[in-house]
Amino acid sequence: MSATHSGPTRRLSKLRLTIALAVICAVVAAGFINVRDWAVSRDVVSAEPWFAGYVDVTATPHHEFENPAGESSSQVMLSFIVAAADAPCTPTWGGAYTLAAAATDLDLDRRIARLEQQGGAIGISFGGLLNDELATSCTDARSLTRAYETVIERYGASTIDLDIEGENLTDSEAGERRAQAIAGVQQSRRAAGEDLAVWLTLPAATFGLTEDGTTFVAQMLAAGVDIAGVNVMTMNFGDSLDDGETMADASARALRETHRQLGILYSQADTPLSSATLWRKLGATPMIGQNDVATEVFTLEDATALNAFSLEQGLGRLSMWSLNRDTECGPNYVHLTRVSDSCSGVEQGTTRFADLLAADFDGALESSAGAITLAEPQDGEIVDDPETSPYPIWNETASYPAGTKVVWKQAVYQTKWWTSGDAPDAPVLSSFETPWTLLGPVLEGEKPVDQPTIPAGMYPEWDGMAVFEKGDRVIFDGLAYEAKWWTTADSPEKYSADPGGAAWRPLTVEEIEEAVAAE
């Protein structure tokens, strides 16, 4: 049995037809927008969030990022690339080392290669507070673009970080130059089949980014830069911090406000994003321990709380300032409210801020492996060639003062103290048992580096009959020694058997360099 309609057919009026079509279009458009937002959100959220602590490359004592203390330290943001004071379009590390000088004086390229050998990765951070970021002082567009490219190409970085603060951020013209240059670099790399993730690291208060910060984000979007994310400096909140508010709670407040601001900025750029996508485009970087504002201290508890908040919201990145500082200061550091470059200023025992912040941030910072290439591997027994080794080949009978670099089995080692007869690769249970530090592999195309040596006649040969005052220097078996106190008839040779009781100590490589430079 079936039912049929045999009555008169109803026809849609033009008005009804127009309304129907509008509704259909709206539904389709809404569906398209929802699908687009869902796809964008899905793509971003499926990417694993990552952790990478900052390393101040030029701070002393140098942080050995090439020997990471666990998985949480295997990914690092090396900082900061800035303009040279006397050559505004020349990139340098902290204004102190050109890229070439950093390779020789800091062994930076080798140390990066060593980190990557162990599965680690680097990003490169431009800017910081203390110096001119490249775009601030380099006003020639082509030279500026080439400066960025030079750094990225040398280190093979697929992730860069623009840490723009202070006068670098308030200079709107520099912001325009920076945005145009970065857009050009990113587009060129993509045309060549290589991506470049660009993060913007910006200061914030608990009310979010400053007006200069939002202006810079807008400049980058207007220039066509595909921003990987905005990394909020959750530190030094100043007057925007409420009484009794923890640093973790203040950080969460700053991140929520920046999330709101970022949504507006992307909408104004005609690229509305879902809430989840916006959270994935956010990162946070606290200053661990004592902040520059004396009353602000980021504690271990704050680190745990910020990590939990970041995981709950789905942040794409966590970092910290800095891995150099991730250790307790110790009893000899008195002024804990004064920020140190090498310790946190809080009691942390063996607990590391990096481990707490990095928990469950298991994503990979894109590896830069391949830019810095190693020497050709050899079949069978490894034989070091003096012609392609940057430093002398280790010799079992030679004596090496502290700071000496040698090559052994295609790797470069440096002495921590005077040594003789200790093989650089001798197996030890703890690092303090060996006088050697592994810096990294011999790199492709390396040639011998000039080693500092004491010129003939600069110091007298040691004489067992002579009297020497504290600070006198002599040559013994080709090495330079300095008297620790008044002495006579005490041979410098005694140092090898009893360093503490010997009247002489060998000069370090640094002291030799200073002595030669003073001549």
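For reference, positions follow the sequence shown, starting with 1. Both backbone and side-chain heavy atoms feed into the values below; hydrogens, waters and symmetry mates do not.
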Under 3.5 Å donor-acceptor, Lys409 side chain and Asp384 backbone: no
Check: Ser73/Arg352 side-chain N/O donor and acceptor closer than 3.5 Å: yes
Would you tabulate the side-chain donor-acceptor contacts of residues 83-95 under 3.5 Å, counting partners in other chains and residues two or more places apart, or write 'none'?
from: Thr92; atom 1: OG1; to: Val82; atom 2: O; distance (Å): 3.2
from: Thr92; atom 1: OG1; to: Gly95; atom 2: N; distance (Å): 2.9
from: Trp93; atom 1: NE1; to: Tyr155; atom 2: OH; distance (Å): 3.0

Other residues, nucleotides, ligands: >12 heavy atoms within 6.0 Å of Glu173 CD: no
Residue among Glu165, Glu167, Met233 satisfying side-chain contact (heavy atoms from CB on, under 4.5 Å) with Leu129: Glu165
Within the 6.0 Å centroid threshold, strictly below: Phe126 and Tyr148: yes
Worked verdict on Asp195 versus Arg190 for salt bridge (charged side-chain N to carboxylate O under 4.0 Å, His left out): CA-CA 5 Å; Asp195 204 359; Arg190 288 185 171 177; 2.9 Å; yes
Leu241 vs Thr295 side-chain heavy atoms within contact, under 4.5 Å: no
Any side-chain donor near an acceptor of the partner, Thr201 and Asp161, under 3.5 Å: yes
Face-on cation placement of Arg505 at Trp418 ring, 6.0 Å and 45° thresholds: no
Distance, nearest 0.5 Å, that separates CG of Leu169 from OG of Ser172: 9.5 Å
Check: Arg110 main-chain N/O paired with Asp107 side-chain donor or acceptor under 3.5 Å: no
Separation of Ile454 CD1 from Glu519 CD (nearest 0.5 Å): 8.5 Å
Polar side-chain atom of Thr404 near backbone of Thr415 as donor-acceptor pair, under 3.5 Å: no
Ser125 side chain reached by Asp163 side chain, heavy atoms, under 4.5 Å: yes
Ring centres under 6.0 angstrom apart (Phe80, Trp321): yes
Flag, side chain of Ser143 to backbone of Asp140, donor-acceptor distance under 3.5 Å: no
Check against salt bridge (charged side-chain N to carboxylate O under 4.0 Å, His left out), Glu149 and Arg189: CA-CA 9 Å; Glu149 289 174 337; Arg189 287 182 65 83; over 6 Å; no
Any donor-acceptor N/O pair, Gln290 side chain to Arg338 backbone, under 3.5 Å: no
Separation of Thr214 OG1 from Leu209 CG (nearest 0.5 Å): 6.5 Å
Donor on one side chain, acceptor on other, Thr419 and Asp422, under 3.5 Å: yes
Non-hydrogen atoms of Gly208 and Thr258 that approach each other most closely: CA-OG1, 3.7 Å
Over 12 non-hydrogen atoms of neighbours within 6.0 angstrom of CD in Glu513: yes
Glu387 CD: over 12 foreign heavy atoms closer than 6.0 Å: no
Verdict with supporting geometry, Ser342 and Asn324, side-chain contact (heavy atoms from CB on, under 4.5 Å): CA-CA 5 Å; Ser342 56; Asn324 307 61; 5.8 Å; no
Test item: Asp362 side-chain N/O and Glu48 main-chain N/O as donor-acceptor pair under 3.5 Å: no
Pro286 side chain near Phe353 side chain, heavy-atom distance below 4.5 Å: no
Polar side-chain atom of Ser430 near backbone of Phe432 as donor-acceptor pair, under 3.5 Å: no
Other residues, nucleotides, ligands: >12 heavy atoms within 6.0 Å of Lys416 NZ: yes
Tyr400 OH to Lys405 NZ distance, which is reported to the nearest 0.5 Å: 15.0 Å
Partner of Val225 by side-chain contact (heavy atoms from CB on, under 4.5 Å), out of Met220, Gln187, Arg178, Gln180: Met220
Side-chain donor-acceptor pair present, Thr170, Asp212, cut-off under 3.5 Å: no
Residue pair Ala411 / Leu438: nearest heavy atoms and the distance that separates them: CB-CD1, 3.8 Å
Side-chain (Glu296) to main-chain (Gly238) donor-acceptor, under 3.5 angstrom: yes
Output field: ring centroids Tyr495/Trp417 closer than 6.0 Å: no
Step-by-step salt bridge (charged side-chain N to carboxylate O under 4.0 Å, His left out) determination, Arg111 to Glu116: CA-CA 9 Å; Arg111 293 161 62 200; Glu116 291 171 350; over 6 Å; no
Over all atoms of both residues, closest heavy-atom pair of Val217 and Leu202: CG2-CD1, 3.7 Å
Other residues, nucleotides, ligands: >12 heavy atoms within 6.0 Å of Gln117 CD: yes
Salt-bridge present (Arg325, Asp56; N to O < 4.0 Å): no
Heavy-atom neighbours of Glu347 CD exceed 12 at 6.0 Å: no
Closest contact, heavy atoms only, Arg154 versus Ala103: NH2-CB, 3.5 Å
Nearest heavy-atom neighbours spanning Leu265 and Ala218: CD2-CB, 4.1 Å
Note, Tyr413 side chain near Leu439 side chain (heavy atom, < 4.5 Å): no
Side-chain donor-acceptor contact under 3.5 Å, Thr299 with Gln348: no
Side chain Ser240, main chain Ala205, donor-acceptor under 3.5 Å: no
Test side-chain hydrogen bond (donor to acceptor under 3.5 Å, both in side chains) applied to Asn168 and Thr136, step by step: CA-CA 6 Å; Asn168 293 313; Thr136 301; 2.6 Å; yes
Side chains of Asn291 and Met247 in contact at under 4.5 Å (non-hydrogen atoms): yes
Aromatic Phe65 / basic Arg114 pairing, under 6.0 angstrom, 45° off normal: no
Taking every non-hydrogen atom, the tightest pair across Gln118 and Pro68: NE2-CD, 4.0 Å
Main-chain N/O of Leu443 paired to Glu446 side chain as donor or acceptor, under 3.5 Å: yes
Pair Tyr54-Val76, side-chain contact (heavy atoms from CB on, under 4.5 Å): steps then yes or no: CA-CA 6 Å; Tyr54 284 87; Val76 297; over 6 Å; no
Derivation and outcome, side-chain contact (heavy atoms from CB on, under 4.5 Å), residues Thr508 and Ile512: CA-CA 6 Å; Thr508 66; Ile512 293 172; over 6 Å; no
Audit row: Val232, Thr234, side-chain contact (heavy atoms from CB on, under 4.5 Å) steps and yes/no: CA-CA 6 Å; Val232 181; Thr234 53; 3.9 Å; yes
